[in-house]
Amino acid sequence: MTWLARAVADVERDPETVYALFPRAAREGGPGARAELLRALGKALPDPAAAVMKLYWQGDAGERLEILESLPQLDLGPAALPLVHDALRTNDTRLVAAALGPYGSAWLDDHAFRQGVLKCVFMSVPLASVEGLGRRFDEELRRMLADFAAERRAAGRPVPPDVLERL
Amino acid sequence: MRIFDPHVHMTSRTTDDYERMYAAGVRAVVEPAFWLGQPRTNVGSFLDYFDALLGWEPYRAAQYGIRHHCTLALNPKEANDPRCAGVLDELPRYLLKDSVVAVGEVGYDSMTPEEDRVFEAQLALAEEHGLPVLVHTPHRDKAAGARRTLDVVKGMDPGMVLVDHLNELTVGMVHEAGCWMGFSIYPDTKMDPQRMVAILKEYGTERMIVNSAADWGRSDVLKTREVGEAMLAAGFTDEDVDRVLWQNPVAFYGQSGRLTLDDVESGGDYEGNTILRGTR
Ligand SMILES: [Zn+2]
């Protein structure tokens, strides 16, 4: 039995074991192991939101990233939005980009979503990586990007092409 | 010259330092948790610090092409403050993290009974987690502190113990005990590059580890490089220098099984944005 198969069985039998297994899962179980454990947690608990949140708050940057990426598969409704807001407050492009994945795009309110997109522009996260940008693009976001472009031009600095093409 | 700085408090340093370190050949660092100059008054303050060592600081280092790992512990100075004792209860879950390559800095500051208790508790945690231990030796009463340290770690595999901040008076006993020997090269205290070379001539390069221990005090992140140059000037070979400045720290922290240097060893371009590359 592989480390991962054993860990999944442990979590399905006793969800509390996930807190000691999840931090080690990437090095012991390989890529994708953390997503597997989160899936097992979702199966073991009728409402896994509290456990997923605890894993995130106790996680390092790598754990947090994989939790954000797994949110769309976990069927948590808007309960995990505080995690998305937390990731958007960081200065880590990986976390900010993951926050604007399918889950964030589905649940963030308009104001937070626009601020997130603008933050991506500032951090040079490609806008193509923002899930559902076409669907959620609105007049206010267009104005914010236009103001950003004007500020760049006034400073004699180039406007990124992925901003220009959306004006 | 490729350099692994096995003890440097990057949280206290600027991005200019990261640039200068990269230019000098530094490709990997270990940042031990220590005290911040200002004593902390509660456990949460430590946890935010640990989180920064596991999140923001490695991210910052990666932007300058440097791989960042850390060691975590309740440091000896703050071990004496009962308000911080709860850190020991939180440590076990932190010691599971991927980039934690040792327990440290542990050891003595003023050699109090509280320090004894916290030191021994953390040695037990290290054994439980299969991690090596980075031991700080006190600045005051150093020789007595080093002797007492060696007594405390006696039951452990000496290969899992790095005794740091050594000098001419303390190196001998640590050499004899079979532990790894750490030397912090400072602008005006502890060790300087010439004295370091003299010690290497006397004891050889085996189990010898050199660090800048740079922090918020008067210190210099390029001292490791200066030691490498002083070694070459004194007739040591490139292989000797690589052994002290790269292979030895890699061998010591590698015992954790958690050292990942694939990116930096292949010399991949970091300007191409490691960070974004890592997400897709
Ligand atoms: Zn230190």
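So you know, we letter chains A, B, ... as the sequences are listed, proteins then strands, and number each from 1. Just so you know, these numbers come straight off a predicted model, no measurement behind them. Hydrogens, waters and symmetry mates are skipped; everything else that's a heavy atom, side chains included, is used.
No more than 12 heavy atoms of other residues, nucleotides or ligands lie within 6.0 Å of CD in A:Glu151, so this atom counts as exposed by the packing criterion. Other residues, nucleotides and ligands contribute over 12 non-hydrogen atoms within 6.0 Å of the CZ atom of A:Arg135. In the displayed structure, B:Asp16 atom CG is contacted under 6.0 Å by more than 12 heavy atoms of other residues, nucleotides or ligands.
Put simply, the residue from B:Leu96, B:Asp98, B:Val100 that forms a side chain to side chain contact (heavy atoms under 4.5 Å, CB included) with A:Pro23 is B:Leu96.
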Derivation of the side chain to side chain contact (heavy atoms under 4.5 Å, CB included) call for B:Tyr59 and A:Thr93
CA-CA 9 Å; B:Tyr59 176 80; A:Thr93 50; 3.0 Å; yes
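Going from atom CG of A:Leu95 over to atom CH2 of B:Trp56 covers 10.5 Å, rounded to the nearest 0.5 Å. With rounding to the nearest 0.5 angstrom, the CZ atom of B:Arg258 is 8.5 Å from the CZ atom of A:Arg24.
Contact between A:Gln58 and B:Lys97 at its shortest, heavy atoms only, is O-NZ, 2.7 Å. Scanning both residues, B:Gly55 and A:Ala61, for their nearest heavy atoms gives CA-CB, 4.0 Å.
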